[in-house]
Visitor: 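Have a look at this one.
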Amino acid sequence: MLLPAEPVLVVLRARARTVPEARGVWNHRRVNRLGLVPWALVGVFASVAEARPIEFRVFDDVNGDGKQGNDEPGVPAIVSYSGMPLFVPTDADGRVTLEVENGIAWVRVPSGFRPGPVWAQLDGKSRIDFALRRWAPPPGPLTFVATSDSHSSFAHPFWSDLEPAAYAATRADPPPAFFTILGDLTQNTTPAQFVLQDRLLANLDVTYVPVPGNHDWYDGGKAWRVHYGPDNYSFDIGDVHFVVWNMMMRDEDTKAFFTNELRDVAPEMTVVAMTHGPPSPAVVAKLRELGVDYVLSGHTHTNRVVDHGGMIELNHEPMLMGGLDFTPGGYRIITIDRDVLTSEHRTTVGEPSIRSVAPARRQCQPPGGGAIIAATEIDPRGGTVTARVDCGTPIALSYGGGWSWRGTLPALAPGEHSLTLDAITSDGERLSSTTGIEVCSAETGTLAGIEWPQLGGNSAHT
């Protein structure tokens with residue numbers, strides 16, 4: 001079922017999660033009700049060539065040096081190895097020893113620590129320290145910013161727009177918990193394009209959560225693993241569990257990954273899966289069975305919301321390019337409050353602007369007052385907009401959704417007047433525009449004017 005793209009706000013209620021068996025931390029010696037043997041039991045250690053014991057330590061990196069000091073406590077967590085769908089709990093001190101070959105290992109980041117991938121290349125080491133950075137989410141409901149398909153490349157004329165666009169999208173008080181691009185971060189998977197992507201996002205004030213796409217996987221993941229580590233990983237923020245997964249996996253591998261990844265996730269947690277391409281019907285059925293609540297995707301260069309029988313997919317258009325469905329480039333501000341997801345779509349703006357669409361030029365306004373509608377390309381989360389008639393007392397306008405701010409025009413004497421709009425953006429930038437308006441006399445009534453009080457004034461937007 002396709003739902004219309006949300007121009008302003010969509011409120012979606014998560015389904016109650018059901019899992020085959022309620023669990024706390026996964027006990028790797030137990031077989032679940034579905035008859036699936038946890039991966040630690042199927043002899044994978046003995047069958048891996050050149051496997052060797054490696055000690056993993058997960059700890060609270062208080063001083064930020066990446067090494068566990070005597071005063072830095074261990075943190076119980078789940079450790080995974082990217083060479084196979086393996087998820088093993090540490091002990092209470094954050095330690096576990098596994099026999100694995102070279103590759104990438106990562107830790108599921110517990111709530112209370114900075115989200116995103118925490119990983120290490122094994123490369124002959126006998127000990128791996130997973131340094132977690134203590135992090136408190138911003139106050140209020142969990143909010144983050146999601147977009148897709150940056151396609152970073154010097155060959156694109158818009159390559160440098162990502163830095164200011166991401167900065168503007170994440171400017172808020174309080175700030176979002178993180179910023180994510182849902183795949184196709186690069187155009188051709190070249191190392192230089194990954195470096196460019198890193199450089200453009202290096203000065204963000206919030207955590208960046210990368211998601212792999214098909215344009216990032218032309219080399220089979222070699223460049224990705226150098227820059228971002230695992231192509232599948234997960235983290236918790238409060239009562240929300242986020243899972244990043246690589247759309248380039250086969251369906252059977254994806255289903256196996258999620259079956260094991262969600263095995264020890266508490267059923268009351270909201271589960272958000274983030275990938276690049278919309279999942280296949282087989283994967284959709286499996287995710288719904290496992291209790292995934294929301295899927296965030298990109299790839300199609302469109303902006304839409306899909307209801308997969310109660311599991312909601314929010315598909316994102318590119319941040320810097322217009323979509324194939326003719327939507328402009330943009331992003332979503334997503335909020336999850338308890339089990340309710342709210343999504344506000346925002347268009348990427350090159351420069352902020354403000355103008356009056358009601359009253360409009362050549363429109364005769366009744367003398368008894370009427371509506372003020374301002375079209376303002378600013379971020380409504382931190383901005384203010386006021387209107388003044390003939391340099392009079394400012395009239396506060398309230399946010400009306402999309403680009404619109406609304407207020408009430410007072411009764412005015414017939415004749416010509418001026419309407420001045422003033423806005424202050426969340427960054428403190430000031431905007432102003434003045435429009436001449438005409439007030440009709442009671443005898444003449446309202447003259448023929450624009451077709452509708454919207455941007456452009458008529459169906460041709462002229």
Side-chain angles (χ1 to χ4, degrees), residues 9-19 22-26 58-62 73-80 87 89-90 92 94 106-118 130-146 169-170 172-180 182 204-211 232-245 258 261-275 287 290-296 311-312 314 331-344 381:
L9 204 62
V10 165
V11 177
L12 306 169
R13 290 193 177 274
R15 299 172 295 106
R17 288 189 65 236
T18 56
V19 294
R23 290 177 174 80
V25 176
W26 169 44
V58 185
F59 70 99
D60 184 355
D61 190 13
V62 177
V75 178
I78 302 292
V79 172
S80 181
F87 297 85
T90 68
W106 56 273
V107 60
R108 177 187 295 164
V109 177
S111 184
F113 296 91
R114 185 173 298 279
V118 174
F130 288 121
L132 303 180
R133 300 293 177 86
R134 182 67 60 177
W135 174 82
L142 170 62
T143 298
F144 59 97
V145 176
T170 55
D173 185 18
F178 63 87
F179 170 76
T180 184
L182 298 163
L204 281 184
D205 294 328
V206 301
T207 298
Y208 168 52
V209 174
V211 177
N232 303 288
Y233 61 93
S234 60
F235 55 90
D236 294 340
I237 302 179
D239 58 358
V240 182
H241 180 64
F242 292 90
V243 185
V244 171
W245 102 86
F258 272 96
E261 212 290 328
L262 296 178
R263 189 183 307 277
D264 58 277
V265 175
E268 63 270 16
M269 292 192 76
T270 300
V271 177
V272 179
M274 302 192 296
T275 190
L287 298 186
L290 292 171
V292 173
D293 298 292
Y294 302 104
V295 174
L296 308 183
M311 183 181 74
I312 302 299
L314 289 86
Y331 55 93
R332 283 188 175 94
I333 301 167
I334 298 176
T335 300
I336 301 177
D337 188 4
R338 291 176 286 273
D339 62 350
V340 178
L341 182 148
T342 303
S343 169
E344 179 186 350
R381 293 173 294 174

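The analysis underlying the following values was restricted to heavy atoms, covering all of them including side chains, and did not include hydrogens, waters or symmetry mates.
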Visitor: Could you tell me whether the side chain of L287 reaches within less than 4.5 Å of the side chain of W245, counting heavy atoms only?
Guide: yes
Visitor: Applying ring-ring contact (aromatic ring centres under 6.0 Å, His included), name anything that partners Y233, two or more places apart in sequence or on another chain.
Guide: none
Visitor: I would like to know whether L296 and V272 meet side chain to side chain contact (heavy atoms under 4.5 Å, CB included); could you show each step before the answer?
Guide: CA-CA 7 Å; L296 308 183; V272 179; 4.0 Å; yes
Visitor: CZ of F87 to OG of S234: how many Å apart, nearest 0.5 Å?
Guide: 6.5 Å
Visitor: Measuring from Y208:OH to T170:OG1, what's the distance to the nearest 0.5 Å?
Guide: 12.5 Å
Visitor: Any donor and acceptor pair, going by atom type alone, linking the side chain of W106 with main-chain N or O of N232 inside 3.5 Å?
Guide: yes
Visitor: V244 versus T180: any side-chain heavy-atom pair under 4.5 Å?
Guide: no
Visitor: Nearest 0.5 Å, please: how far is CZ in F179 from OG1 in T207?
Guide: 12.0 Å
Visitor: Considering non-hydrogen atoms only, spot the tightest contact between D339 and T270 and give its length.
Guide: CA-OG1, 4.1 Å
Visitor: Can you tell if the side chain of D205 reaches within under 4.5 Å of the side chain of P175, non-hydrogen atoms only?
Guide: no
Visitor: Go through it in stages, so that I can follow the logic: the residues are V79 and F130, the test is side chain to side chain contact (heavy atoms under 4.5 Å, CB included), and I'd like the CA-CA distance, side-chain angles, deciding distance and then a yes or no.
Guide: CA-CA 9 Å; V79 172; F130 288 121; 4.2 Å; yes
Visitor: Which heavy atom of T335 sits nearest to which heavy atom of P141, and what is that distance?
Guide: CG2-CB, 3.7 Å
Visitor: Below 4.5 Å, heavy atoms only, C-beta onward: do I237 and W135 meet side chain to side chain?
Guide: yes
Visitor: Got V209 and F235 here, is their nearest side-chain heavy-atom distance under 4.5 Å?
Guide: yes
Visitor: Do V107 and V75 have side-chain heavy atoms sitting under 4.5 Å apart?
Guide: no
Visitor: If you compare all heavy atoms of P76 against all heavy atoms of P110, which two are closest, and at what distance to 0.1 Å?
Guide: O-CG, 4.0 Å
Visitor: Looking only at heavy atoms, which two atoms of T275 and L182 are closest? And how far apart?
Guide: O-CB, 3.6 Å
Visitor: Between L262 and V292, is any pair of side-chain heavy atoms under 4.5 Å apart?
Guide: yes
Visitor: Given E261, which of V243, I78, V271 fulfils the side chain to side chain contact (heavy atoms under 4.5 Å, CB included) condition?
Guide: V243
Visitor: Distance check, rounded to the nearest 0.5 Å: H241 atom NE2 versus D293 atom CG?
Guide: 11.5 Å
Visitor: A side-chain contact here means heavy atoms from C-beta on lying under 4.5 Å apart; do V295 and M311 qualify?
Guide: yes
Visitor: What are the two closest heavy atoms between A177 and P138, and how far apart are they?
Guide: CA-CD, 4.2 Å
Visitor: Go through the structure and list residues passing ring-ring contact (aromatic ring centres under 6.0 Å, His included) with F144, not counting sequence neighbours.
Guide: F178, F242
Visitor: Does a salt bridge link R108 with D236, judged by any charged N lying under 4.0 Å from a carboxylate O?
Guide: no
Visitor: Hey, could you give me the CG/CD1 distance between L341 and I334, rounded to the nearest 0.5 Å?
Guide: 6.0 Å
Visitor: What is the distance from atom CZ of R134 to atom CG of D61, rounded to the nearest 0.5 Å?
Guide: 11.5 Å
